[in-house]
Amino acid sequence: MARLLDIRRVRQDPEPIRSALVRRDAAYADRLDALLRADAEHRSALAALERLRAERNTLSQSVSLARREGDEARAQAAIARVKDMSQEMARLESLQAEQAERVRALLLELPNVPHPSVPSGGEGDAVEVRRHDAPPIGVPAKVPLPHWEIGQRLGLLDFERAAKVSGSRFVVYRGLGARLERALANFMLDHHAARGYTEILPPYLVREETLWGTRHLPKFREDMFVTTDNRYLISTSEIPVTAYHGDEILSHEALPIRYVAYSACFRSEAGAAGRDTRGLIRQHQFDKVELVTLCRPETSYDVLEAMTRDAQSVLEALQLSHRVVALAAGDLGFSSAKTYDVEVLLPGSGGYREISSVSNVEAFQARSLGIRFRDEEGRVQHVHTLNGSGVAVGRALAALLEQGWQEDGSVRLPEVLWPYMGGVREIAPADRAVRS
RNA sequence: GGAGGGGUGGCCGAGCGGCUGAUGGCGGCGGUCUUGAAAACCGCUAGGGCGCAAGCCCUCGUGGGUUCGAAUCCCACCCCCUCCGCCA
């Protein structure tokens with residue numbers, strides 16, 4: 001799956017790319033220079049090799065020409081000359097392959113180029129774009145409580161037994177808690193399907209090749225769980241769903257292609273020791289409804305806005321307070337050119353937390369996955385891909401508990417969920433099943 | 001797991017050592033005809049790399065090998081299909 005990346009654009013006009021990458025991290029300036037040098041060396045080796053190959057091909061053809069004329073002596077002479085070339089050929093071939101590999105390795109380490117509209121700065125510099133303050137559903141409690149506390153009191157979440165069975169960062173949902181998780185996922189799927197997304201239920205295990213395609217490898221290897229047969233548990237359904245059209249040339253009439261997928265997601269959280277150790281926020285396994293769009297390049301920024309609205313619309317329907325922030329360049333994910341995070345309010349456990357992250361990946365993944373389309377003029381170009389949570393189910397559940405927590409110790413549910421909950425409108429302490 | 005069969009261009013499908021980067025069909029684009037459309041007929045139509053260009057190079061699942069020369073022969077791996085076994 002070694003494929004063209006956008007080296008040509010880098011080569012032709014490196015300056016804007018260099019300065020955009022530096023907005024992520026100043027260290028990329030040197031890496032870009034290393035890439036340009038490696039690329040120049042590679043191209044001169046390639047040109048030399050191709051000249052030699054052209055010569056060899058001509059000589060080879062002259063063998064059959066000479067034989068057809070019955071001139072065996074000339075044929076033998078040509079064969080001898082080709083044989084003489086073989087050593088030099090082999091030398092140039094291995095040189096060229098080495099240099100191509102070097103270019104590839106450097107290219108794989110370079111992240112996507114931030115869009116000009118992306119705010120500058122790092123983690124703390126996200127810009128709030130808009131906010132939605134939902135009126136409380138019931139009678140809010142005076143003292144907020146973290147969702148793990150509420151969940152345990154109401155018998156919805158069991159972290160202790162989950163740890164016994166599976167270790168830390170796992171949870172068992174039970175009773176109405178399990179029902180609520182399932183209700184949320186079903187509601188979100190129906191919600192997005194009604195807005196024109198096609199529902200996908202993807203495989204949870206993918207081949208290593210697929211992860212190279214989506215650019216999760218080589219950089220995020222330590223975040224992934226690997227199986228004994230060298231498959232990987234997906235960390236997001238973005239992976240199987242985006243790769244779904246890999247190696248295809250689509251008709252322009254098929255675009256945009258919009259998918260909504262539910263899946264469990266698995267993350268080893270290798271670099272997050274000690275962070276968010278309590279509650280549902282950071283688990284090794286969680287449920288997520290994901291949106292993926294493949295579209296024409298010229299429409300992708302409109303699609304980014306629309307998908308962010310789609311993610312938000314879930315929270316509006318659930319009557320959850322939230323805000324949208326534009327991530328700063330230094331905080332962008334590796335593949336993203338621009339990202340909006342949707343942050344839901346968790347009044348009991350410390351403010352706004354990411355519940356959705358919507359990214360325009362532009363052609364970054366489409367190039368390595370080989371997802372292209374034929375336009376009206378018959379020209380082949382890469383699609384742009386976008387992905388965004390629509391939304392993280394466990395975090396939505398946490399927000400429902402914390403925002404719906406009432407003075408009398410119950411949790412009021414938003415109306416859209418009632419049908420999915422079999423008519424249950426409120427989860428009260430009486431519903432508590434098993435105590436410790 | 002065992003035994004077979006197969007992976008070729010947007011799709012289907014030939015080719016099985018050299019003028020084959022690939023016959024043919026479908027689809028697409030352009031044209032003739034038509035008031036318009038359909039039908040019929042004619043022409044064009046794989047992807048990628050290097051180069052200002054002319055042009056050259058690479059690619060017939062992937063990687064090796066044989067050969068002056070490989071879609072075609074050999075080896076390994078991946079994937080798909082059929083039958084048998086096992087199984088939710």
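Since the structure is predicted, the reported quantities are computational estimates derived from the model, not experimental observations.
Across the protein-nucleic acid pair, A:Asp375 atom CG and B:rU45 atom C1' stand 14 Å apart, rounded to whole Å. Atom NE2 of A:His42 and atom P of B:rC50 are 9 Å apart (whole Å). Whole-Å rounding puts the A:Met89 CE to B:rU67 C1' distance at 13 Å. Between the CG atom of A:Asp247 and the C1' atom of B:rU8 there is a distance of 15 Å, given to the nearest Å.
Note on A:Asn57: a side-chain N or O is less than 4.0 Å away from OP1 or OP2 of B:rC57. Taking only side-chain nitrogens and oxygens, A:Arg374 never comes nearer than 4.0 Å to OP1 or OP2 of B:rC29. Taking 4.0 angstrom as the limit, A:Arg67 places none of its side-chain polar atoms (N or O) nearer than this to OP1 or OP2 of B:rC68. At B:rC50, one or more side-chain N or O atoms of A:Arg8 fall inside 4.0 Å of OP1 or OP2 (strictly under the cut-off). In this structure, A:Arg51 does not reach the B:rC50 phosphate: none of its side-chain N or O atoms is under 4.0 Å from OP1 or OP2. OP1 or OP2 of B:rC58 has at least one side-chain nitrogen or oxygen of A:Arg56 nearer than 4.0 Å.
Heavy atoms of A:Ala78 sit nowhere under 4.0 angstrom from any nucleic acid atom. The residue A:Arg372 sits close only to the backbone: its heavy atoms come under 4.0 Å of sugar-phosphate atoms, none of a base.
Separating the C1' atom of B:rC83 from that of B:rC44 is a span of 46 Å, rounded to the nearest Å. Nucleotides B:rG5 and B:rC75 have their P atoms positioned 13 Å apart, rounded to a whole Å. Between B:rA46 and B:rA22, the two C1' atoms lie 10 Å apart (nearest whole Å). Taking the P atoms as reference points, B:rU67 lies 16 Å from B:rC74, given to the whole Å. Taking atom P on both B:rA38 and B:rG31, the two are 12 Å apart, rounded to the nearest angstrom. Taking atom C1' in both B:rC60 and B:rU72, one finds a spacing of 10 Å when rounded to whole Å. Annotation: B:rU34 and B:rC41 have their C1' atoms spaced 14 Å apart (nearest Å). Taking atom C1' in both B:rA14 and B:rC26, the straight-line distance is 15 Å, to the nearest Å.
Annotation: A:Phe170 is not in aromatic contact with A:Phe159 [ring centroid separation under 6.0 Å not met]. No close placement of the A:Phe373 and A:His382 rings is indicated, their centers lying 6.0 Å or farther apart.
Listed nucleotides: B:rC68, B:rC50, B:rG47. Nearest to the side chain of A:Ile79: B:rC68. Residue A:Ile249 has its side chain nearest to B:rG47 when only B:rG47, B:rC57, B:rC68 are considered.
Counted by atom type alone, A:Asp341 and A:Ser357 present one or more donor-acceptor pairs between their side chains at under 3.5 Å.
Pair check for B:rC68 finds B:rG18; Watson-Crick or G-U wobble, both atom distances under 3.5 Å. When Watson-Crick and G-U wobble pairs are counted only if both distances are under 3.5 Å, B:rA3 pairs with B:rU82.
A:Arg67 meets the side-chain contact (heavy atoms from CB on, under 4.5 Å) test with A:Val63, A:Glu72, A:Ala75, A:Gln76, A:Ile79; sequence neighbours excluded. By the salt bridge (Lys or Arg N to Asp or Glu O under 4.0 Å) test, A:Glu109 pairs with no residue at all, sequence neighbours left out.
Ionic pairing of A:Arg282 and A:Glu269 is present here: one or more N-O contacts between side-chain nitrogen and carboxylate oxygen are shorter than 4.0 angstrom.
Below the 3.5 angstrom threshold, one finds no donor paired with an acceptor across the side chain of A:Gln61 and the base of B:rG69.
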